[in-house]
Amino acid sequence: MALPELSVKILELVKEQGRITTREIENYTEESRSTIKARLNELCQQKQLTRHGKGRSTWYSL
């Protein structure tokens, strides 16, 4: 199954930086926060990303 374009971009950003926050993804992609969160949740459920922390201090890695 092909990933949405935003999901692919998120994975590329994480590969480049090692870890990323929702705010950084917003800055790079200019997508809405709710769309970004939906994609991050999908990637975490698919075990492509790992979520660290809670609330404002949340960040993601591969």
Q: Report the residues that fulfil salt bridge (Lys or Arg N to Asp or Glu O under 4.0 Å) with Arg51, sequence neighbours left out, ordered by chain and then residue number.
A: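 Expected list: none.
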
Q) Quick one: salt bridge (Lys or Arg N to Asp or Glu O under 4.0 Å) partners of Glu12, sequence neighbours excluded? A)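 Once residues adjacent in sequence are excluded, Glu12 has no partner under the salt bridge (Lys or Arg N to Asp or Glu O under 4.0 Å) criterion.
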
Q) Do other residues, nucleotides or ligands put more than 12 heavy atoms under 6.0 Å from the CZ atom of Arg33? A)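 Enclosed: over 12 neighbouring heavy atoms sit under 6.0 Å from CZ of Arg33.
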
Q. Can you tell me if CD on Glu26 sees more than 12 non-hydrogen neighbours from other groups inside 6.0 Å?
A.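 Yes, the 6.0 Å shell around CD holds more than 12 heavy atoms from other groups.
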
Q.
I'd like to know if the side chain of Gln17 reaches the main chain of Val14, judged simply by a donor and an acceptor atom lying under 3.5 Å from each other, with no hydrogens or angles considered.
A.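 Pair absent, no side-chain N/O of Gln17 close to backbone of Val14.
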
Measuring from atom [atom1] of [X] to atom [atom2] of [Y], what distance do you get when rounded to the nearest 0.5 angstrom?
X: Ile36; Y: Glu30; atom1: CD1; atom2: CD; answer: 10.0 Å
X: Tyr28; Y: Ile10; atom1: OH; atom2: CD1; answer: 13.0 Å
X: Ile25; Y: Thr35; atom1: CD1; atom2: OG1; answer: 12.0 Å

Q: List the steps, then state whether side chain to side chain contact (heavy atoms under 4.5 Å, CB included) holds for Leu3 with Leu11.
A: CA-CA 10 Å; Leu3 289 172; Leu11 289 172; 3.7 Å; yes

(Q) Glu31: which residues meet the side chain to side chain donor-acceptor pair (under 3.5 Å) condition with it, sequence neighbours left out? (A)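 Result, side chain to side chain donor-acceptor pair (under 3.5 Å) vs Glu31: none returned.
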
(Q) I'd like to check the side chain to side chain contact (heavy atoms under 4.5 Å, CB included) partners of Ser57; sequence neighbours left out, ordered by chain and number. (A)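 With neighbours one apart ignored, the set is empty.
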
(Q) Once side chain to side chain contact (heavy atoms under 4.5 Å, CB included) is applied, do any residues pair with Arg19, and if so which ones, sequence neighbours excluded? (A)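 Listed in chain order: Trp59.
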
(Q) Pair Thr58, His52 - check side chain to side chain donor-acceptor pair (under 3.5 Å), show working. (A) CA-CA 6 Å; Thr58 303; His52 304 270; over 6 Å; no

Q | Minimum heavy-atom distance between Thr50 and Cys44, given as atom pair plus value | A |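 In this case the closest contact between Thr50 and Cys44 is C-SG, 4.5 Å.
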
Q | Shortest non-hydrogen contact between Gly18 and Ser61, atoms and distance | A |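 Nearest heavy atoms, Gly18 then Ser61: O-CB, 3.7 Å.
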
Q. For residues 34-43, which residue pairs qualify under salt bridge (Lys or Arg N to Asp or Glu O under 4.0 Å), counting only residues two or more places apart or in two chains?
A.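 Matches after skipping sequence neighbours: Arg39-Glu42.
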
Q. Yes or no on side chain to side chain contact (heavy atoms under 4.5 Å, CB included) for Leu62 and Lys15, after CA distance, side-chain angles and deciding distance?
A. CA-CA 7 Å; Leu62 292 177; Lys15 281 180 187 151; 3.5 Å; yes

